[in-house]
Amino acid sequence: MTGRIIGLGSYIPKKIVTNDDFAAFLDTSDEWITERTGIKERHIADHITEKPSTMAVEAAKKAIEDAGIDPKDIDLIVTACTTPDLVIPSMSCVVHEAIGASENCGCFDVNSACPGFVAAWNTVQSFIETGNAKLALCIGTECNSNFANYNDRGTCILFGDGAGAALLKADESAKPNQFIMRSSGARGGCLRCEAARQPDRWEEEDFKTATSFYMQGREVFKFAVSEVPQIIKDLSEKFSFDLNDIDMFILHQANARIIEATAKKLGIPRDRFPMNIMNYGNASSASIPMLLTSLKAEGRLKPGMKIVMASFGAGLTWDANYIIF
Ligand SMILES: CC(C)(COP(=O)(O)OP(=O)(O)OC[C@H]1O[C@@H](n2cnc3c(N)ncnc32)[C@H](O)[C@@H]1OP(=O)(O)O)[C@@H](O)C(=O)NCCC(=O)NCCS
(Lines give C-alpha, C1' and ligand atoms only; values in the text may rest on other atoms or scores of the structure.)
Protein backbone atom coordinates (compact mmCIF):
# COMPACT_ATOMS: atom_id res chain seq x y z
CA MET A 1 0.00 0.00 0.00
CA THR A 2 1.20 3.48 -0.88
CA GLY A 3 -0.68 6.77 -0.73
CA ARG A 4 -1.99 8.22 -3.96
CA ILE A 5 -3.16 11.86 -4.19
CA ILE A 6 -6.97 11.97 -4.38
CA GLY A 7 -7.45 15.66 -3.52
CA LEU A 8 -5.52 18.92 -3.59
CA GLY A 9 -6.28 22.37 -2.21
CA SER A 10 -4.58 25.64 -1.40
CA TYR A 11 -5.21 28.95 0.31
CA ILE A 12 -3.54 32.10 -0.96
CA PRO A 13 -3.75 35.30 1.14
CA LYS A 14 -5.67 38.12 -0.53
CA LYS A 15 -3.09 40.91 -0.19
CA ILE A 16 -0.59 41.16 -3.04
CA VAL A 17 2.75 42.91 -2.46
CA THR A 18 4.51 43.81 -5.71
CA ASN A 19 8.19 44.51 -6.28
CA ASP A 20 7.30 48.18 -6.72
CA ASP A 21 5.72 48.13 -3.25
CA PHE A 22 9.14 47.12 -1.86
CA ALA A 23 10.90 49.74 -3.96
CA ALA A 24 8.75 52.37 -2.23
CA PHE A 25 10.55 51.82 1.10
CA LEU A 26 13.72 49.83 0.30
CA ASP A 27 16.72 50.47 -1.93
CA THR A 28 15.60 47.96 -4.54
CA SER A 29 13.74 47.81 -7.86
CA ASP A 30 11.33 45.65 -9.83
CA GLU A 31 14.10 45.11 -12.38
CA TRP A 32 16.62 43.83 -9.78
CA ILE A 33 14.17 41.48 -8.05
CA THR A 34 12.77 40.10 -11.34
CA GLU A 35 16.20 39.53 -12.85
CA ARG A 36 17.77 37.89 -9.77
CA THR A 37 14.79 35.86 -8.54
CA GLY A 38 11.99 35.67 -11.14
CA ILE A 39 9.58 37.04 -8.51
CA LYS A 40 7.11 39.79 -9.54
CA GLU A 41 4.73 39.65 -6.58
CA ARG A 42 3.92 37.63 -3.47
CA HIS A 43 0.84 37.26 -1.24
CA ILE A 44 1.10 38.36 2.37
CA ALA A 45 -1.30 37.24 5.13
CA ASP A 46 -3.31 39.80 7.10
CA HIS A 47 -2.30 38.00 10.35
CA ILE A 48 -5.87 38.41 11.66
CA THR A 49 -8.03 36.13 9.55
CA GLU A 50 -5.06 34.67 7.67
CA LYS A 51 -2.59 32.75 9.83
CA PRO A 52 -0.72 29.46 9.29
CA SER A 53 -3.48 27.57 11.17
CA THR A 54 -6.44 29.22 9.39
CA MET A 55 -4.77 28.91 5.98
CA ALA A 56 -4.04 25.22 6.66
CA VAL A 57 -7.73 24.72 7.50
CA GLU A 58 -8.87 26.37 4.25
CA ALA A 59 -6.39 24.39 2.14
CA ALA A 60 -7.44 21.14 3.88
CA LYS A 61 -11.15 21.87 3.31
CA LYS A 62 -10.51 22.43 -0.40
CA ALA A 63 -8.51 19.18 -0.69
CA ILE A 64 -11.36 17.31 1.05
CA GLU A 65 -13.89 18.91 -1.31
CA ASP A 66 -11.69 18.06 -4.30
CA ALA A 67 -11.55 14.41 -3.20
CA GLY A 68 -15.21 14.23 -2.16
CA ILE A 69 -14.51 12.20 0.97
CA ASP A 70 -15.95 12.25 4.50
CA PRO A 71 -13.42 13.95 6.86
CA LYS A 72 -14.40 11.37 9.52
CA ASP A 73 -12.49 8.78 7.44
CA ILE A 74 -9.19 10.68 7.68
CA ASP A 75 -6.88 8.82 10.07
CA LEU A 76 -3.74 10.99 9.97
CA ILE A 77 -2.95 14.71 9.59
CA VAL A 78 0.67 15.83 9.27
CA THR A 79 1.36 19.53 8.74
CA ALA A 80 4.67 21.07 7.78
CA CYS A 81 5.02 24.50 9.35
CA THR A 82 8.02 26.50 10.51
CA THR A 83 6.17 29.77 11.18
CA PRO A 84 3.17 28.65 13.31
CA ASP A 85 0.80 31.08 15.02
CA LEU A 86 0.49 28.60 17.92
CA VAL A 87 3.23 26.69 19.72
CA ILE A 88 0.56 24.32 21.05
CA PRO A 89 -1.70 22.81 19.90
CA SER A 90 -0.20 21.78 16.58
CA MET A 91 -1.47 23.19 13.28
CA SER A 92 -2.69 19.65 12.53
CA CYS A 93 -4.90 19.65 15.64
CA VAL A 94 -6.44 22.99 14.61
CA VAL A 95 -7.22 21.44 11.21
CA HIS A 96 -8.57 18.32 12.96
CA GLU A 97 -11.20 20.33 14.82
CA ALA A 98 -12.12 22.58 11.90
CA ILE A 99 -12.77 19.75 9.44
CA GLY A 100 -14.59 17.58 12.00
CA ALA A 101 -12.15 14.66 11.92
CA SER A 102 -12.71 11.73 14.28
CA GLU A 103 -10.74 10.91 17.43
CA ASN A 104 -9.20 7.96 15.57
CA CYS A 105 -7.10 10.43 13.58
CA GLY A 106 -3.47 11.03 14.62
CA CYS A 107 -2.15 14.61 14.39
CA PHE A 108 1.30 16.17 14.57
CA ASP A 109 3.43 18.77 12.79
CA VAL A 110 6.89 18.60 11.28
CA ASN A 111 9.36 21.47 11.26
CA SER A 112 11.78 21.13 8.39
CA ALA A 113 11.68 24.66 6.90
CA CYS A 114 11.14 24.81 3.13
CA PRO A 115 11.51 21.03 2.54
CA GLY A 116 8.83 20.46 5.21
CA PHE A 117 6.09 19.37 2.82
CA VAL A 118 8.29 16.65 1.35
CA ALA A 119 9.29 15.56 4.89
CA ALA A 120 5.59 15.46 5.86
CA TRP A 121 4.83 13.54 2.65
CA ASN A 122 7.50 10.91 3.45
CA THR A 123 6.18 10.62 7.01
CA VAL A 124 2.60 10.14 5.82
CA GLN A 125 3.70 7.59 3.21
CA SER A 126 5.65 5.65 5.83
CA PHE A 127 2.48 5.43 7.98
CA ILE A 128 0.50 4.25 4.95
CA GLU A 129 3.14 1.77 3.79
CA THR A 130 3.34 0.20 7.27
CA GLY A 131 -0.46 -0.14 7.41
CA ASN A 132 -0.87 2.53 10.10
CA ALA A 133 -2.93 4.99 8.04
CA LYS A 134 -5.30 4.71 5.08
CA LEU A 135 -6.43 8.26 4.37
CA ALA A 136 -4.13 11.11 5.33
CA LEU A 137 -3.86 14.86 4.98
CA CYS A 138 -0.41 16.22 4.22
CA ILE A 139 -0.24 20.01 4.55
CA GLY A 140 2.31 22.80 4.14
CA THR A 141 1.40 26.20 5.61
CA GLU A 142 3.56 29.24 6.24
CA CYS A 143 3.42 32.91 7.23
CA ASN A 144 6.98 33.81 6.29
CA SER A 145 5.98 37.43 6.78
CA ASN A 146 5.94 36.71 10.58
CA PHE A 147 9.72 36.39 10.45
CA ALA A 148 10.85 38.46 7.47
CA ASN A 149 13.04 41.44 8.30
CA TYR A 150 11.55 44.24 6.20
CA ASN A 151 14.74 46.30 6.59
CA ASP A 152 16.79 43.59 4.88
CA ARG A 153 16.36 43.89 1.11
CA GLY A 154 18.36 40.69 0.54
CA THR A 155 15.77 38.44 2.23
CA CYS A 156 12.34 40.06 2.63
CA ILE A 157 11.71 40.38 -1.11
CA LEU A 158 11.90 36.60 -1.51
CA PHE A 159 9.17 35.38 0.79
CA GLY A 160 5.41 34.96 0.49
CA ASP A 161 2.69 33.31 2.57
CA GLY A 162 0.17 30.57 1.79
CA ALA A 163 -0.89 26.98 2.35
CA GLY A 164 -1.39 23.83 0.31
CA ALA A 165 -2.80 20.40 1.18
CA ALA A 166 -2.78 16.95 -0.40
CA LEU A 167 -5.09 14.12 0.58
CA LEU A 168 -3.39 10.73 0.22
CA LYS A 169 -5.34 7.48 0.05
CA ALA A 170 -3.79 4.01 0.48
CA ASP A 171 -3.75 2.24 -2.88
CA GLU A 172 -2.49 -1.28 -3.52
CA SER A 173 -1.61 -0.47 -7.12
CA ALA A 174 0.43 2.67 -6.31
CA LYS A 175 4.21 2.61 -6.76
CA PRO A 176 6.13 2.56 -3.43
CA ASN A 177 7.21 6.00 -2.22
CA GLN A 178 10.80 6.40 -3.42
CA PHE A 179 12.87 9.15 -1.85
CA ILE A 180 16.20 10.45 -0.62
CA MET A 181 16.52 12.91 2.28
CA ARG A 182 19.81 14.65 3.13
CA SER A 183 20.99 17.20 5.71
CA SER A 184 24.05 19.22 6.65
CA GLY A 185 23.76 20.76 10.10
CA ALA A 186 27.33 22.01 9.71
CA ARG A 187 26.22 24.31 6.87
CA GLY A 188 23.08 25.48 8.71
CA GLY A 189 24.50 28.86 9.75
CA CYS A 190 23.75 30.47 6.38
CA LEU A 191 19.96 30.33 6.96
CA ARG A 192 18.84 30.97 10.55
CA CYS A 193 16.13 32.45 12.70
CA GLU A 194 16.35 32.32 16.49
CA ALA A 195 13.36 31.62 18.76
CA ALA A 196 11.81 34.84 20.06
CA ARG A 197 11.09 33.65 23.61
CA GLN A 198 14.52 33.75 25.24
CA PRO A 199 14.03 36.03 28.30
CA ASP A 200 17.76 35.95 29.15
CA ARG A 201 18.44 37.63 25.80
CA TRP A 202 15.67 40.22 25.51
CA GLU A 203 17.97 43.12 26.36
CA GLU A 204 20.62 41.98 23.87
CA GLU A 205 21.44 44.40 21.10
CA ASP A 206 20.08 43.15 17.75
CA PHE A 207 17.95 40.45 19.41
CA LYS A 208 15.00 41.53 17.25
CA THR A 209 17.12 41.06 14.14
CA ALA A 210 18.28 37.64 15.36
CA THR A 211 14.65 36.54 15.66
CA SER A 212 14.01 37.42 11.99
CA PHE A 213 15.25 35.44 9.00
CA TYR A 214 19.01 35.74 8.52
CA MET A 215 20.36 34.49 5.23
CA GLN A 216 23.62 34.43 3.32
CA GLY A 217 21.86 34.46 -0.04
CA ARG A 218 24.83 33.64 -2.21
CA GLU A 219 25.82 30.64 0.00
CA VAL A 220 22.26 29.28 -0.12
CA PHE A 221 22.18 29.79 -3.89
CA LYS A 222 25.45 27.87 -4.38
CA PHE A 223 24.22 25.06 -2.09
CA ALA A 224 20.94 24.76 -4.04
CA VAL A 225 22.36 24.76 -7.56
CA SER A 226 24.88 22.08 -6.60
CA GLU A 227 22.85 19.75 -4.30
CA VAL A 228 19.43 19.82 -5.99
CA PRO A 229 20.56 18.50 -9.41
CA GLN A 230 22.83 15.99 -7.62
CA ILE A 231 20.10 14.54 -5.39
CA ILE A 232 17.76 14.23 -8.41
CA LYS A 233 20.47 12.35 -10.33
CA ASP A 234 21.13 10.13 -7.28
CA LEU A 235 17.38 9.44 -6.97
CA SER A 236 17.19 8.25 -10.59
CA GLU A 237 20.20 5.96 -10.06
CA LYS A 238 18.96 4.60 -6.72
CA PHE A 239 15.52 3.72 -8.13
CA SER A 240 16.67 2.94 -11.71
CA PHE A 241 14.55 5.34 -13.74
CA ASP A 242 15.43 7.60 -16.63
CA LEU A 243 15.13 11.33 -15.92
CA ASN A 244 14.12 11.85 -19.55
CA ASP A 245 10.91 9.87 -18.83
CA ILE A 246 9.81 12.25 -16.07
CA ASP A 247 6.83 14.40 -17.08
CA MET A 248 7.27 17.10 -14.45
CA PHE A 249 9.86 18.25 -11.95
CA ILE A 250 8.04 19.98 -9.10
CA LEU A 251 10.77 21.93 -7.35
CA HIS A 252 10.60 24.16 -4.30
CA GLN A 253 9.91 27.66 -5.60
CA ALA A 254 12.75 29.69 -4.08
CA ASN A 255 14.37 31.35 -7.08
CA ALA A 256 13.66 30.93 -10.81
CA ARG A 257 17.42 30.92 -11.47
CA ILE A 258 17.89 27.91 -9.16
CA ILE A 259 15.17 26.02 -11.05
CA GLU A 260 16.63 27.01 -14.44
CA ALA A 261 20.15 25.99 -13.36
CA THR A 262 18.81 22.61 -12.18
CA ALA A 263 17.08 21.97 -15.52
CA LYS A 264 20.26 22.91 -17.36
CA LYS A 265 22.54 20.72 -15.23
CA LEU A 266 20.22 17.74 -15.70
CA GLY A 267 19.88 18.42 -19.44
CA ILE A 268 16.07 18.37 -19.19
CA PRO A 269 13.91 20.89 -21.10
CA ARG A 270 12.96 23.83 -18.91
CA ASP A 271 9.24 23.45 -19.72
CA ARG A 272 9.13 20.30 -17.58
CA PHE A 273 9.88 22.49 -14.54
CA PRO A 274 6.63 24.38 -13.90
CA MET A 275 6.93 27.56 -11.84
CA ASN A 276 4.59 29.85 -9.93
CA ILE A 277 7.30 31.78 -8.11
CA MET A 278 6.60 34.93 -10.17
CA ASN A 279 3.22 35.30 -8.42
CA TYR A 280 3.84 33.77 -4.99
CA GLY A 281 7.54 34.17 -4.14
CA ASN A 282 9.02 31.59 -1.79
CA ALA A 283 6.15 30.21 0.30
CA SER A 284 8.48 27.77 2.06
CA SER A 285 6.83 24.41 2.85
CA ALA A 286 3.61 25.54 1.12
CA SER A 287 5.29 26.10 -2.25
CA ILE A 288 5.10 22.52 -3.60
CA PRO A 289 1.46 21.77 -2.61
CA MET A 290 0.40 25.24 -3.87
CA LEU A 291 2.05 24.47 -7.22
CA LEU A 292 0.51 20.97 -7.41
CA THR A 293 -2.94 22.46 -6.72
CA SER A 294 -2.69 25.11 -9.43
CA LEU A 295 -1.31 22.61 -11.98
CA LYS A 296 -4.27 20.32 -11.31
CA ALA A 297 -6.73 23.22 -11.59
CA GLU A 298 -5.16 24.18 -14.94
CA GLY A 299 -5.55 20.58 -16.17
CA ARG A 300 -1.79 20.13 -16.53
CA LEU A 301 -1.50 17.36 -13.93
CA LYS A 302 -2.90 14.08 -15.25
CA PRO A 303 -3.28 10.67 -13.56
CA GLY A 304 -0.30 8.43 -14.25
CA MET A 305 2.14 11.31 -14.77
CA LYS A 306 5.68 10.64 -13.55
CA ILE A 307 6.81 13.36 -11.18
CA VAL A 308 9.98 14.21 -9.31
CA MET A 309 9.53 16.53 -6.33
CA ALA A 310 12.61 18.17 -4.83
CA SER A 311 13.09 20.73 -2.12
CA PHE A 312 15.83 22.41 -0.11
CA GLY A 313 16.24 24.94 2.64
CA ALA A 314 17.27 25.72 6.21
CA GLY A 315 19.05 23.03 8.13
CA LEU A 316 20.52 22.74 5.65
CA THR A 317 18.20 20.03 4.36
CA TRP A 318 17.31 18.80 0.90
CA ASP A 319 15.32 15.93 -0.52
CA ALA A 320 13.82 14.41 -3.65
CA ASN A 321 10.94 11.99 -4.36
CA TYR A 322 9.83 10.01 -7.38
CA ILE A 323 6.03 9.67 -7.49
CA ILE A 324 3.30 8.73 -9.94
CA PHE A 325 0.38 11.17 -9.79
C1 LIG B 1 19.14 36.49 -2.36
C2 LIG B 1 19.57 36.48 -3.82
C3 LIG B 1 18.39 36.81 -4.72
C4 LIG B 1 20.63 37.57 -3.99
O5 LIG B 1 21.09 37.57 -5.34
P6 LIG B 1 22.67 37.58 -5.65
O7 LIG B 1 22.80 37.68 -7.10
O8 LIG B 1 23.26 36.36 -4.98
O9 LIG B 1 23.12 38.89 -4.96
P10 LIG B 1 24.15 39.13 -3.76
O11 LIG B 1 23.55 38.64 -2.46
O12 LIG B 1 25.48 38.59 -4.11
O13 LIG B 1 24.20 40.69 -3.75
C14 LIG B 1 24.66 41.43 -4.87
C15 LIG B 1 24.38 42.89 -4.61
O16 LIG B 1 22.97 43.13 -4.69
C17 LIG B 1 22.55 43.79 -3.50
N18 LIG B 1 21.17 43.41 -3.19
C19 LIG B 1 20.73 42.40 -2.41
N20 LIG B 1 19.39 42.41 -2.38
C21 LIG B 1 18.99 43.42 -3.18
C22 LIG B 1 17.73 43.92 -3.56
N23 LIG B 1 16.57 43.37 -3.11
N24 LIG B 1 17.68 44.96 -4.41
C25 LIG B 1 18.81 45.54 -4.89
N26 LIG B 1 20.03 45.11 -4.55
C27 LIG B 1 20.12 44.06 -3.71
C28 LIG B 1 23.54 43.36 -2.44
O29 LIG B 1 23.55 44.28 -1.37
C30 LIG B 1 24.82 43.35 -3.21
O31 LIG B 1 25.29 44.64 -3.33
P32 LIG B 1 26.89 44.93 -3.29
O33 LIG B 1 27.45 44.21 -4.46
O34 LIG B 1 26.94 46.40 -3.39
O35 LIG B 1 27.35 44.37 -1.98
C36 LIG B 1 20.17 35.10 -4.23
O37 LIG B 1 21.44 34.94 -3.64
C38 LIG B 1 19.31 33.96 -3.84
O39 LIG B 1 18.19 33.83 -4.29
N40 LIG B 1 19.82 33.04 -3.01
C41 LIG B 1 19.06 31.90 -2.56
C42 LIG B 1 18.13 32.31 -1.46
C43 LIG B 1 17.09 31.29 -1.17
O44 LIG B 1 16.61 30.60 -2.02
N45 LIG B 1 16.71 31.20 0.12
C46 LIG B 1 15.67 30.38 0.58
C47 LIG B 1 16.05 28.96 0.54
S48 LIG B 1 14.69 27.98 0.95
Side-chain angles (χ1 to χ4, degrees), residues 17-42 80-83 110-120 140-162 164 181-185 187-193 212-229 231 250-263 265 273 275-278 280-291 309-320:
V17 177
T18 66
N19 292 344
D20 284 334
D21 291 332
F22 278 111
F25 68 94
L26 280 175
D27 182 12
T28 189
S29 64
D30 175 43
E31 192 189 2
W32 193 96
I33 300 172
T34 306
E35 197 180 293
R36 303 288 179 116
T37 69
I39 301 166
K40 296 296 284 182
E41 57 189 32
R42 67 292 288 146
C81 185
T82 308
T83 57
V110 299
N111 172 344
S112 186
C114 297
F117 179 78
V118 182
T141 186
E142 303 286 1
C143 258
N144 286 314
S145 56
N146 283 346
F147 293 94
N149 176 352
Y150 287 99
N151 294 318
D152 177 5
R153 65 180 181 171
T155 59
C156 68
I157 50 108
L158 296 174
F159 295 103
D161 300 335
M181 295 176 82
R182 290 185 176 147
S183 318
S184 170
R187 286 190 270 165
C190 61
L191 199 42
R192 271 179 79 84
C193 180
S212 304
F213 290 143
Y214 162 80
M215 186 180 71
Q216 291 167 7
R218 191 155 281 193
E219 287 310 305
V220 178
F221 190 92
K222 283 194 279 187
F223 145 70
V225 296
S226 127
E227 300 292 5
V228 176
I231 199 170
I250 309 283
L251 265 51
H252 170 45
Q253 305 286 299
N255 185 318
R257 287 194 295 142
I258 293 174
I259 297 171
E260 280 155 9
T262 302
K265 278 196 176 176
F273 291 72
M275 288 195 216
N276 63 4
I277 186 166
M278 39 294 196
Y280 302 121
N282 178 346
S284 198
S285 73
S287 83
I288 286 182
M290 277 163 56
L291 181 56
M309 301 194 293
S311 193
F312 62 92
L316 297 172
T317 52
W318 62 108
D319 42 42

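All ligand and atom numbering here is 1-based and tracks the order in the structure.
At least one protein heavy atom sits closer than 4.0 Å to atom 17 (C) of ligand 1. Distance remark: protein heavy atom not present below 4.0 angstrom from atom 34 (O) of ligand 1. Counting only heavy atoms, the protein gets under 4.0 Å from atom 45 (N) of ligand 1. When distances from atom 2 (C) of ligand 1 to the protein are checked, no heavy atom turns up under 4.0 Å. Within the 4.0 Å cut-off (strictly below), no protein heavy atom is located near atom 11 (O) of ligand 1. Contact annotation for atom 30 (C) of ligand 1: protein absent (non-hydrogen atoms, distance under 4.0 Å).
For the pair Leu316 and Cys190, the minimum side-chain heavy-atom distance is below 4.5 Å. Between Asn144 and Arg42, the closest side-chain pair of non-hydrogen atoms is not below 4.5 Å. When side chains are defined from C-beta on, Ser311 counts as touching Ile288, because their heavy atoms get closer than 4.5 Å. In this structure, the side chains of Ser184 and Trp318 come closer than 4.5 Å at one or more pairs of heavy atoms. A 4.5 Å side-chain heavy-atom check between Ile157 and Ile39 finds every atom pair outside the cut-off. Looking at heavy atoms from C-beta onward, Phe117 lies out of side-chain contact with Ser287 at the 4.5 angstrom threshold.
Electrostatic pairing of Glu219 and Lys222 counts as a salt bridge here, judged by a charged N lying under 4.0 Å from a carboxylate O.
Nearest protein heavy-atom contact of atom 28 (C) of ligand 1 is Arg153 NH2, 3.8 Å. Distance from atom 38 (C) of ligand 1 to its nearest protein heavy atom, with residue and atom name: Asn255 ND2, 3.6 Å. Protein heavy atom at the shortest distance from atom 40 (N) of ligand 1 is Gly217 O, 2.9 Å. The protein heavy atom nearest to atom 14 (C) of ligand 1 is Arg36 NH1, 4.0 Å. Ranking the protein heavy atoms by distance from atom 8 (O) of ligand 1 puts Arg218 NE, 3.7 Å first. Residue, atom and distance of the protein heavy atom nearest to atom 47 (C) of ligand 1 are Val220 CG1, 3.7 Å. Counting only heavy atoms of the protein, atom 24 (N) of ligand 1 lies nearest to Thr28 OG1, 2.6 Å.
Residue Trp32 touches ligand 1 through its side chain alone, judged by heavy-atom distances below 4.0 Å. Contacts of Asp27 with ligand 1, taken as heavy-atom pairs under 4.0 Å, involve the backbone alone.
Taking CD of Gln253 as the reference point, atom SG of Cys114 lies at 11.5 Å (rounded to 0.5 Å).
In this structure a side-chain-to-backbone donor-acceptor pair under 3.5 Å is present from Glu142 to Thr82. At least one donor-acceptor pair under 3.5 Å links the side chain of Asp161 to the backbone N or O of Ser145.
Atoms of ligand 1 lying under 4.0 Å from at least one heavy atom of Cys114, given by number and element, are 48 (S). Close approach of ligand 1 to Ala254 is summarised as follows: ligand atoms under 4.0 Å from at least one heavy atom of the residue are 44 (O). Within ligand 1, counting atoms from 1 as listed, the ones closer than 4.0 Å to a heavy atom of Phe312 are 47 (C), 48 (S). Counting atoms of ligand 1 from 1 in the listed order, those under 4.0 Å from a heavy atom of Met215 are 1 (C), 42 (C), 43 (C), 45 (N). Residue Arg257 approaches ligand 1 through these ligand atoms, each under 4.0 Å from one of its heavy atoms: 5 (O), 7 (O). Interface atoms of ligand 1 facing Gly154, defined by a heavy-atom separation under 4.0 Å, are 1 (C), 20 (N). In the vicinity of His252, heavy-atom distances shorter than 4.0 Å reach the ligand 1 atoms 48 (S). Counting atoms of ligand 1 from 1 in the listed order, those under 4.0 Å from a heavy atom of Thr37 are 3 (C).
Ring orientation note: the planes of His252 and Phe312 are nearly perpendicular, at an angle over 60° on the 30°/60° scale.
Within a 6.0 Å radius of CZ in Arg187, other residues, nucleotides and ligands contribute more than 12 heavy atoms.
Scanning both residues, Met290 and Ala283, for their nearest heavy atoms gives SD-CB, 3.9 Å.
For ligand 1, none of its N or O atoms has an N or O atom of Ser29 under 3.5 Å away.
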